[in-house]
Amino acid sequence: MSTTAPIKLPRVAAADAASILRAGLKAAAGPVALACSFSVEDVVIIDLLQQIAPETRIFALDTGRLNEETYEVAEAVRERYGVSIDWYFPERAAVEQLEREKGLFSFRESLENRHQCCRIRKVEPLGRALAGLSGWITGLRSEQSVTRAALAPLEIDEAHGGMVKINPLAAWSEAQVWDYAKAQRIPVNRLHSQGYPSIGCAPCTRAIQPGEQARAGRWWWENPEHKECGLHRK
């Protein structure tokens, strides 16, 4: 997205997810979509959007390595809210070449290889999903990891052309998320109750142990400061 003047983001109460959504949608002044991985956070946002802006588009990235439980909650969301979900897949030729040359688990061999896999399966499809948008919504929370500690409710996403990035749950605690989920009885991924607070691709996600950080089960063989896939670049 190209702009002729900088977007001015309004000040919003960090804990008021509904106000953040409204302010972000207004600031974007154009098409906005929710990037949905079907985490409990993302489904909370879908529930909020049904009350605020039900026409908001929802898209998801099918990496080819998702858990069955993720597909199950995606279907439950589609049926519960009557929404359409736009699925984006990685480019077939790139996946075939990667697996031919490096096998099926190259991402565990080095950080470089893991980034390559994420670029092919997530980052490139995200670029296509964001094309033509003025803003996007995420389920990120600052409490989730050291890489997200400085997360703001509203940001200018320079990595994706200067569009508005809306993080309505940035200041929410895990307890707040689950209180909302239970009160509204929203569809929830079954893996959450099995020790998976953060769910990505099946080979790169495990259950966490008591006392571990929420994203400790993502790429557990890596250092905490590396635990991003490239979707949320600065």
Side-chain angles (χ1 to χ4, degrees), residues 1-10 12 17 20-39 41-46 48-50 52-66 70 74 77-78 81 83-95 114-142 144 147-148 150-170 198-201 218 227-234:
M1 184 193 75
S2 61
T3 58
T4 55
I7 298 173
K8 293 183 179 179
L9 297 177
V12 289
I20 293 167
L21 280 169
R22 291 190 183 95
L25 291 167
K26 183 176 180 180
V32 174
L34 167 66
C36 185
S37 65
F38 303 100
S39 65
E41 289 87 357
D42 291 339
V43 185
V44 165
I45 294 172
I46 290 173
L48 288 167
L49 284 171
Q50 295 309 297
I52 296 167
E55 72 284 357
T56 304
R57 181 173 149 247
I58 301 168
F59 71 83
L61 308 180
D62 189 335
T63 65
R65 307 297 291 265
L66 301 181
T70 298
V77 164
R78 190 176 66 86
Y81 298 105
V83 295
S84 175
I85 299 163
D86 296 332
W87 288 94
Y88 286 81
F89 294 82
E91 293 289 350
R92 175 186 57 79
V95 174
R114 203 269 290 168
H115 283 167
Q116 179 187 24
C117 187
C118 287
R119 279 196 303 271
I120 291 171
R121 296 183 183 275
K122 294 184 176 182
V123 178
E124 188 278 331
L126 176 69
R128 284 186 277 119
L130 295 181
L133 295 181
S134 298
W136 63 308
I137 306 167
T138 84
L140 301 180
R141 295 188 296 108
S142 60
Q144 289 170 325
T147 60
R148 299 176 179 181
L151 185 70
L154 296 175
E155 303 176 314
I156 298 299
D157 190 350
E158 300 294 354
H160 294 107
M163 68 172 60
V164 176
K165 188 174 183 181
I166 307 167
N167 308 308
L169 305 185
S198 179
I199 304 166
C201 291
R218 301 290 294 276
K227 293 189 177 188
E228 292 289 352
C229 58
L231 297 182
H232 304 289
R233 297 172 290 160
K234 294 294 184 181

**Q** Considering all heavy atoms of both residues, which atom of Leu154 and which atom of Gly24 are nearest to each other, and what is their separation?
**A** CD2-CA, 3.7 Å

**Q** Could you check whether any side-chain heavy atom of Val164 comes within less than 4.5 Å of a side-chain heavy atom of Val32, counting everything from C-beta outward?
**A**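 They are not in side-chain contact.
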
**Q** State whether the side chain of Arg128 and the backbone N or O of Phe89 hold a donor-acceptor pair below 3.5 Å, judged by distance alone.
**A** yes

**Q** Could you work out, with salt bridge (charged side-chain N to carboxylate O under 4.0 Å, His left out) as the rule, every residue matching Arg78, not counting sequence neighbours?
**A**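 Counting only residues at least two positions away or on another chain, Arg78 forms a salt bridge (charged side-chain N to carboxylate O under 4.0 Å, His left out) with Glu75.
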
**Q** Calculate, to the nearest 0.5 Å, the distance between atoms CZ and CZ belonging to Arg121 and Arg65 respectively.
**A** 5.0 Å

**Q** As an exercise, state the distance from CD1 of Ile137 to CG of Leu21, rounded to the nearest 0.5 Å.
**A** 5.5 Å

**Q** To check you understand the geometry: which heavy-atom pair defines the closest contact between Leu66 and Trp87, and what is its length?
**A**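 Closest heavy-atom pair between Leu66 and Trp87: CD1-CZ3, 4.3 Å.
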
**Q** Identify the heavy atoms of Arg119 and Pro125 that sit nearest to each other, and give their distance.
**A** O-CD, 4.2 Å

**Q** Please give me the minimum heavy-atom distance between Ala60 and Phe38, naming the atom from each residue.
**A** CB-CE1, 3.7 Å

**Q** Would you name the heavy atoms of Ile45 and Leu34 that are closest together and state the gap between them?
**A**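 Heavy atoms only, the tightest pair is CG2-CD1, 4.1 Å.
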
**Q** Show your reasoning for whether side chain to side chain contact (heavy atoms under 4.5 Å, CB included) applies to Arg57 and Leu133.
**A** CA-CA 10 Å; Arg57 181 173 149 247; Leu133 295 181; 3.7 Å; yes

**Q** Measuring from atom CG of Leu126 to atom CZ of Phe59, what distance do you get when rounded to the nearest 0.5 angstrom?
**A** 5.0 Å

**Q** Nearest 0.5 Å please: distance from the CD1 atom of Ile46 over to the SG atom of Cys36.
**A**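 If I round to the nearest 0.5 Å, the distance is 4.0 Å.
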
**Q** If you round to the nearest 0.5 Å, how far is CG of Asp62 from OG of Ser37?
**A**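 Reported value, rounded in 0.5 Å steps: 12.5 Å.
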
**Q** What is the minimum heavy-atom distance between Leu48 and Ala17, and which atoms define it?
**A** CD1-CB, 3.8 Å

**Q** Roughly how far, to the nearest 0.5 Å, is CD of Gln50 from OG1 of Thr56?
**A** 8.5 Å

**Q** For the side chain of Asn167 and the backbone of Leu140, is there at least one donor-acceptor N/O pair under 3.5 Å apart?
**A** no

